[in-house]
Amino acid sequence: MAKQAFQWLEKNSYDPDYGGYFQFLSQEGKPFTSGYRGTPPKDQNSSIHLLESFTELYKIWKDENLHNRLKELLLIIRDTITTEKGYMNLFLCVTGNQWYTGIPVKV
C-alpha cells in the first residue's frame, strides 16, 4: 500500500518543474498549483512529513525514483525552506523560477 501511495503522489502531487509536492489536491487528484483559499501551494510541514515517510519506505523498498525524491526533498528542505538562522519558512510560492524567498530551486 505504501508503494501505491508513493506512486499516486508522484502522478498527482509531484511538481515536475520545481520539485517537491503540492499540498492541495482536488478530489480527482489534480493539484492546486496556485494554492487554496489564500494558502500557498506548498509548505514545510507537508515536505518534512513526506521526507519522513519516504525515508521509512526506502528502508524496505530500494526504488531509484524514491531515492531521487528523498535527495530532492532533503535539498529543498535544507537549502530553501530552512533559513540561515535555522528556522523553517512555513509556506512556499513560486514566481517565475524562484521560490518566494528568492532562492532558485529548479531541479
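Numbering starts at 1 and runs along the sequence shown.
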*L50 with M88, same ILVMFWY side-chain cluster at under 4.5 Å*: yes
*asked:* Is there a side chain to side chain contact (heavy atoms under 4.5 Å, CB included) between L25 and F32? Walk through the geometry before answering.
replied: CA-CA 6 Å; L25 304 165; F32 296 140; over 6 Å; no
*How long is the gap from CD1 on I81 to CG on L74, to the nearest 0.5 Å?*
10.5 Å
_Separation of K62 NZ from I60 CD1 (nearest 0.5 Å)_ = 9.5 Å
_Walk me through whether Q44 and N89 qualify under side-chain hydrogen bond (donor to acceptor under 3.5 Å, both in side chains)._
CA-CA 7 Å; Q44 63 85 7; N89 287 303; over 6 Å; no
_Within this structure, what is the CD1-OH distance for the pair I76 and Y18, rounded to the nearest 0.5 Å?_
12.5 Å
*Side chains of D15 and F22: closer than 4.5 Å at any heavy-atom pair?*
yes
_For the CD atom of E52 and the OG atom of S47, what is their distance to the nearest 0.5 Å?_
12.5 Å
*Hey, is the main chain of H67 close enough, under 3.5 Å, to the side chain of K71 for a donor-acceptor pair?*
no
*Before accepting this row, confirm whether a basic side-chain N of the pair K3/D63 lies closer than 4.0 Å to the acidic partner's carboxylate O.*
no
_Return the CZ to CG distance between R78 and L73, rounded to the nearest 0.5 Å._
13.0 Å
*Kindly say whether the aromatic ring centers of F6 and Y14 come within a distance under 6.0 Å.*
no
*asked:* I need the E72 CD to N65 CG distance, nearest 0.5 Å.
replied: 9.0 Å
*With side chains defined as the heavy atoms from C-beta onward, is the minimum distance between F54 and L9 less than 4.5 Å?*
yes
*Do I48 and L75 belong together in a cluster built from hydrophobic side chains that touch within less than 4.5 Å?*
no
*T82 side chain vs I77 backbone, donor-acceptor pair below 3.5 Å*: yes
*Mind running side-chain hydrogen bond (donor to acceptor under 3.5 Å, both in side chains) on Q23 and Y36 for me, showing each step along the way?*
CA-CA 9 Å; Q23 65 174 333; Y36 182 72; over 6 Å; no
*Counting N and O atoms only, with roles assigned by atom type, does the side chain of T39 sit under 3.5 Å from a partner on the main chain of G35, one being a donor and the other an acceptor?*
no
